[in-house]
Asker: 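This structure is in structure tokens; I'll ask about it shortly.
By convention in this document, chain letters (A, B, ...) are assigned in the order of the sequence lines, proteins followed by strands, and residues within each chain are numbered from 1.
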Amino acid sequence: MVLAWTLPAFFYLALLSVKPERIMVERSALIFWPTFERYRDIVVSDLGLPIWNSLLTSTAGALFTLALASLAAVTFTFLDFRGKALLFLLMLLPRMFPPVTTLIPIQLAMKTLGLIDTRAALIILFTGFQIPLAIWIMRTYLDEIPRELAESAAIDGASIPAIVARIVLPLAGPGLLAAFILAFIFNWNEFLFPLIVTSFHAKTGSVAIMNFAGGYKKLQWGSLAVLGVVMTMPVILFVLAFRAALIRGFTAGALKG
Amino acid sequence: MTWATLGRGRLAFALLMLPAVIYVLTWRLAPALYTVWLSLTQYNIVYDAAPQLNHLENYRRIVHDSTLGEALRLSVIFAVLATAVELAIGLAAAAFFDSDPPGRNLLLGIFLLPMIMAPVVVGTVWSALFDRTVGPIPYLFELLHGPDVQWLGTPVTAMVGLIFSDAWEWAPLAALLLFSAMQAIPREQHDAARSDGASSWQLFFRVVLPQITGMLVVAGGLRLMDAFLELDKVIVMTGGGPGTSTQLVSMYVYKQAFQAYDLGYASTVITTLLALLAVAYAFYLRHYGRTLMSART
């Protein structure tokens with residue numbers, strides 16, 4: 001029953017993506033000899049570029065997010081200082097802003113910096129978007145590390161950077177992985193910001209889909225479906241591989257801290 | 001005492017945190033504040049070289065903007081209907097998962113896919129399903145000798161289409177939250193009701209449902225606020241059309257900013273909406289914060 005709600009739409013998209021062009025509009029034809037030409041074409045045609053852009057910027061953005069957020073999470077977990085709760089709240093606050101809030105200033109800023117339609121612009125933005133969520137996720141994992149472990153190292157004379165590098169981060173592996181995957185998926189799915197800061201060279205998969213849907217829609221359903229399937233594949237892989245961590249993180253993401 | 005208070009630790013820790021804090025302030029908080037400032041200015045990038053303060057002129061304009069009023073009305077309709085459908089489907093799905101079917105976790109994973117995949121792809125999927133040349137939904141109508149409907153090209157049905165796609169994407173979230181609330185109910189209560197001879201329906205309506213009303217409100221509130229500002233699927237599926245029949249309030253803002261280039265006025269609308277939402281959010285947190293907290297674990 002549950003699957004009857006979710007799956008048919010997926011299957012139909014997959015079906016369209018391999019349906020030969022000449023029977024594309026024969027909707028009664030559900031069984032046919034599939035064609036994978038469009039998947040092959042995507043590698044060599046200019047549709048490969050947006051996918052590559054998406055992959056590159058999402059990964060780089062997630063890595064930078066992780067670098068900044070995991071260090072900050074260490075401080076938020078282990079150091080007690082005045083105003084900590086307030087600062088933490090301030091860091092989480094942007095998660096509650098709907099994306100339209102910052103679209104305009106971000107586009108102006110990117111214009112001023114001369115970064116419109118560059119991958120750098122996307123990486124800069126993606127890094128910032130996921131820091132709050134990543135800090136929060138890292139914190140839930142870091143809280144599980146026994147403090148005594150770090151304390152005894154400090155008493156033995158280890159410096160703070162050494163403690164972080166040798167003890168805390170190695171133990172935070174699962175948290176790092178969870179934060180990376182979530183940041184990657186959110187970046188990969190991001191649409192509005194790539195839409196307003198990129199146009200051609202740096203456009204992402206989502207923007208490419210939009211260009212198709214907006215333009216010569218009627219003729220190109222096959223390629224559109226292929227793009228849709230390709231854009232969904234990493235998500236499906238991650239879901240199958242890391243279900244538990246993802247469900248935890250997505251509930252958190254939806255609740256917005 | 002914590003080890004962090006030992007010696008020079010504090011400075012090193014502050015340095016660890018600093019980059020992330022500065023980054024978020026620069027790229028997340030500052031832009032939001034800039035939007036608020038822009039809302040006080042006349043700034044159409046076609047005519048104006050720089051933003052100029054215009055004595056709350058934009059806020060006066062909002063009050064008389066009938067297009068905005070219509071957009072707000074559509075957003076409310078969209079948000080309410082989509083949320084209702086999502087809660088209904090979510091509730092059914094959660095009850096199903098709560099009955100411990102075989103392969104539950106795998107099923108749950110699959111069920112959650114729509115909310116994890118890109119919203120643009122969700123929009124594409126539903127555009128395809130409703131399309132008159134390749135879509136199965138018009139085809140089904142044809143087979144059943146129903147009316148030939150231009151689903152996304154007719155005002156009312158375009159809205160119905162958007163609501164369906166939103167329900168498909170977000171019913172999983174409602175299901176997930178309600179499922180976690182149902183799991184928190186002690187199993188003994190199920191057993192006790194059963195041994196008293198309660199049917200499955202009675203069990204659900206008399207035992208389960210009364211205990212998850214708090215979460216129903218939470219899930220509904222989350223979806224209402226999110227759906228109210230829906231933009232991605234509107235851009236992909238209808239572009240706000242036909243005419244302005246699906247021009248939700250975010251789409252209106254988007255058009256003001258990126259098609260009419262009236263950044264000042266667009267910022268004003270955003271700021272006003274945010275203020276309204278902040279009030280709603282504060283009210284909501286105050287009353288349901290506790291349920292929300294328990295949902296996280």
Side-chain angles (χ1 to χ4, degrees), chain A residues 1-3 5-6 9 12-13 16 24-25 27 68-69 71-72 74-75 78-80 91 94 97-98 100-106 128 131-132 135 147 150-151 154 160-161 185 188-189 191-192 196 206 209-210 213 218 221 224-225 228 231-232 235-236 239-240 243 247 250-252 254-255, chain B residues 2-4 6 9-10 12-13 16-17 19-21 23-24 27-29 31-32 34-35 38 89 93 96 105 107 109-114 116-121 124-125 127-129 133-134 136 139 168 173 176 222 229 231-232 235-236 250 253 257-258 263 266-267 270 274 292 295-296:
Chain A
M1 177 205 82
V2 162
L3 298 185
W5 166 252
T6 310
Y12 201 78
L13 189 74
L16 278 184
M24 190 57 96
V25 296
R27 286 166 292 180
L68 295 174
L71 295 180
V74 168
T75 305
F78 291 110
L79 182 71
D80 295 316
M91 295 290 282
F97 298 160
V100 281
T101 332
T102 50
L103 278 176
I104 295 169
I106 296 251
I131 283 179
I135 290 183
R147 282 181 166 209
E151 278 172 35
I160 301 293
I185 292 182
W188 178 265
N189 290 349
F191 169 56
L192 287 174
I196 58 154
S206 332
I209 287 185
M210 174 59 209
K218 293 279 172 331
W221 276 111
L224 191 56
M231 283 297 289
T232 311
V235 179
I236 293 180
V239 168
L240 291 180
R243 218 158 38 224
I247 289 174
F250 262 88
T251 321
L255 296 179
Chain B
T2 63
W3 62 283
L6 295 171
R10 299 185 76 89
F13 270 121
L16 287 182
M17 185 175 60
V21 172
Y23 207 101
V24 170
W27 285 103
R28 303 292 285 144
L29 281 176
Y34 191 73
T35 302
L38 274 184
I89 294 171
F96 169 73
N105 287 347
L107 288 179
I110 293 173
F111 186 64
L112 295 182
L113 266 177
I116 305 179
M117 65 199 274
V120 178
V121 178
T124 308
V125 166
S127 298
L129 293 179
T133 56
V134 300
Y139 180 62
W168 189 70
L173 178 70
L176 190 61
L222 279 175
L229 291 172
L231 179 55
D232 293 15
I235 292 185
V236 174
S250 288
V253 171
F258 300 106
L263 301 189
S267 301
I270 294 170
L274 258 191
L292 206 63
R296 282 187 192 150

Asker: Can you list the residues that meet the side chain to side chain contact (heavy atoms under 4.5 Å, CB included) rule with B:Leu274, with sequence neighbours excluded?
Answerer: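 In terms of side chain to side chain contact (heavy atoms under 4.5 Å, CB included), with neighbours along the sequence ignored, B:Leu274 is linked to A:Pro98, A:Thr101.
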Asker: What distance separates B:Arg28 CZ from A:Met91 CE, expressed to the nearest 0.5 Å?
Answerer: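 That separation rounds to 11.0 Å.
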Asker: Examine whether an atom of A:Ile196 lies under 4.5 Å from a heavy atom of chain B, and if so say whether it belongs to the side chain, the backbone or both; otherwise answer neither.
Answerer: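 For A:Ile196, the side chain is the part near chain B, not the backbone.
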Asker: If you round to the nearest 0.5 Å, how far is OG1 of A:Thr102 from OH of B:Tyr34?
Answerer: 13.5 Å
Asker: So what's closer than 4.5 Å to chain A heavy atoms on B:Tyr139: side chain, backbone, both or neither?
Answerer: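 For B:Tyr139, the contact with chain A is made by backbone and side chain together.
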Asker: Looking at A:Trp188 and B:Ala118, would you say the former's side chain and the latter's main chain have a donor-acceptor pair under 3.5 Å?
Answerer: no
Asker: If you count heavy-atom pairs under 4.5 Å with chain A, which of B:Ser267, B:Pro119, B:Pro19, B:Pro136 comes out on top?
Answerer: B:Pro136
Asker: Report the option among B:Val253, B:Leu29, B:Leu38 that has the most heavy-atom pairs separated by less than 4.5 Å from atoms of chain A.
Answerer: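 The answer is B:Leu29.
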Asker: Between B:Val120, B:Val21, B:Ile270, B:Val125, which residue shows the highest count of heavy-atom pairs closer than 4.5 Å to chain A?
Answerer: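 Heavy-atom pairs under 4.5 Å are most numerous for B:Val120.
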Asker: If we ignore hydrogens and angles and just use 3.5 Å, is the side chain of B:Trp168 paired with the main-chain N or O of A:Trp5 as donor and acceptor?
Answerer: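 At least one qualifying donor-acceptor pair exists.
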Asker: Where on B:Phe258 is there a heavy atom nearer than 4.5 Å to chain A: the side chain, the backbone, both, or neither?
Answerer: side chain
Asker: If the condition is side chain to side chain contact (heavy atoms under 4.5 Å, CB included), which residues does B:Ser250 pass it with, not counting sequence neighbours?
Answerer: A:Val100, B:Leu229, B:Leu231
Asker: Heavy-atom pairs under 4.5 Å with chain B - which of A:Val74, A:Thr232, A:Thr6, A:Leu13 has more of them than the others?
Answerer: A:Thr6
Asker: Measure B:Ile110 against the heavy atoms of chain A and call it side chain, backbone, both or neither at under 4.5 Å.
Answerer: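 For B:Ile110, heavy atoms of backbone and side chain both lie under 4.5 Å from chain A.
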